[in-house]
Amino acid sequence: MRHSFPLPATSRSKLLAKLLYHSWRTSILSLQISESELAAIIPLLTGSGASALASARIRDSNLRNSAPALDLQQAHRLHAVHAAAFEEDLTNVITLLRNAGVEPILAKGWAVARLYPDTSLRPYGDIDLYVRPGQYSSAMRVLASPEGKRFVVDLHEGFDSSEGISIDALYERSRLVSLADVKVRVPCDEDHLRILCLHFLRHGAWRPLWLCDIAVAVETRAPEFDWDICLGTNPRRADWVACSIGLAHRLLGAEIAGTPVVDRAQTLPAWLISNVLKQWETPYSMSQPPVNYAAPMSKYLRDPRGFLSDLRRRWPNAIEATVYTGGPFNDLPRWPFQIGECMIRTGKFLARTLRPDRDD
Amino acid sequence: MNNTTNGFKPRARKAGLVVRELSGELLVYDRERNQAHSLNETAALIWKHCDGHSTIAELRSTLEAETGASVDEQVVRYALRKFTKLSLLEEPLRASVGERRLSRRELIQTIGLAASVPLVVSIFAPSVFAAASCTQTCTVPADCTVPGCPNCPVPGGKCSA
């Protein structure tokens, strides 16, 4: 079936979505985009890690030899060599941990890049490893050793309860996949799709690549994929997951026919799509909290100058605030959730600041 | 060993290099120098056959056999000089006294076919490109470990992100 991009590409973020539409597929539909439009979104593509996908997307178009396309090809080459280097690191660090009796689970990063036609299409900068709480200190010791320090590992103790998956369930359902001559433990497809969706929302949906990940995970799922496991038992979280997949369908053309989220994909709240596109206008880490904060809050306790302007930067985005406060994705305004998040964060800040045993 | 004679048997460096093929190019990432290079088909063929057992003349013969075309020995020497410059060989090729080094332009004029010239091009990032979620804030460049990380607040540094 032929698809066409459903949104009028009137903004840079819509152009970005148009370019990434079906970009992860080996058979790609034709692209109607001009060289000047491509040039306009090059910073968004290179800054958000989507340049390799974009390069693949235009490889058969008349733009393939244009100046912006050469930039994308160059970035794709770099992604390819870095992917090879990270794969080498990944096998080494897993072997190192296993030798110390630690069995880690890898999520995101290579665990999702392997679902793409080529791992070089999906860059990643660190290795997200989850270990059982009882193995965390052993893992930390390994990673702090001279041999372990070489690797960029984001080590997680257990599994965040907000994901709605216990670490025991994650291990029980996990599976081993081959990378070179090492077996890498990854979450089962159902858990992984859920993790990708919740991660996308918790971070305010600002990186387009995360939505591509969701699209790829949906389209590469096995025939026996269990939607009950993926959506979980909590109706609110299940709806968040369904909405994330619905976004992948509406913005990037992910195929969802025959899934339980088809209806939800057609009834996404308007604020959700517009907020994702708003985030994609500046899909850079430097534009995201906490990196974009002018100064820590504690600085303003001593010197309030600049507080009001920094407060604007700290106003949470609607998606992140809704998930942070456990709110529903309905058509009601988002400001109560945004105020709610601010209040919770302020409360936590004050609790930390007023704690009698503070170091500083 | 006298690396300037025809008895020189080049060996491709393996330690510290990561190699990947992409769309007909051979990409080589030098982890020790944090440099990436792209080798075209001719350069890749020569580099892959630098096994430490073949002389320059033998490499030329191998190249002829694999491409089915006549190959000038200058082509192999040109590639080996490029590899030497980028530290892609275990032992460098040294120029003989009085040896004339052909430029790429001269080489194309000599062999007559630009596509047969071994090309090795260094790869540079057009802009920030990594995709990682930030887990810490670096205060000095030594904290940072990911090349090209867009999160890095340290100018010129990298970020453990």
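Every chain is numbered from 1 and lettered A, B, ... according to where its sequence line falls, protein lines coming before strand lines.
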Residues in salt bridge (Lys or Arg N to Asp or Glu O under 4.0 Å) contact with B/Glu64, at least two apart in sequence or another chain: B/Arg60

Contacts of B/Asp51 that satisfy side chain to side chain donor-acceptor pair (under 3.5 Å) - sequence neighbours left out: B/Ser54

So B/Gln35 and A/Val81, do their side chains get closer than 4.5 Å, heavy atoms only? no

Using non-hydrogen atoms and a 4.5 Å limit, figure out which bit of A/Glu87 sits close to chain B: side chain, backbone, both or neither. side chain

Minimum heavy-atom distance B/Val18-A/Ala84, with the two atoms named: CG1-CB, 3.0 Å

Kindly determine whether B/Leu27 and A/His79 satisfy side-chain contact (heavy atoms from CB on, under 4.5 Å), including the steps that lead there. CA-CA 11 Å; B/Leu27 305 177; A/His79 291 327; over 6 Å; no

Based on non-hydrogen pairs under 4.5 Å, which of A/Gln288, A/Gln73, A/Arg77, A/Arg150 is most in contact with chain B? A/Arg77

Could you walk me through whether B/Arg20 and A/Thr119 pass the side chain to side chain donor-acceptor pair (under 3.5 Å) test, one step at a time? CA-CA 11 Å; B/Arg20 174 157 289 195; A/Thr119 53; 2.9 Å; yes

Let me know if B/Glu25 has heavy atoms under 4.5 Å from chain A in its side chain, its backbone, both or neither. side chain

Between NE2 of A/His76 and CG of B/Leu22, what distance do you get to the nearest 0.5 Å? 4.5 Å

Taking every heavy atom of A/Glu88 against every heavy atom of B/Leu17, the minimum-distance pair comes out as OE2-O, 4.5 Å

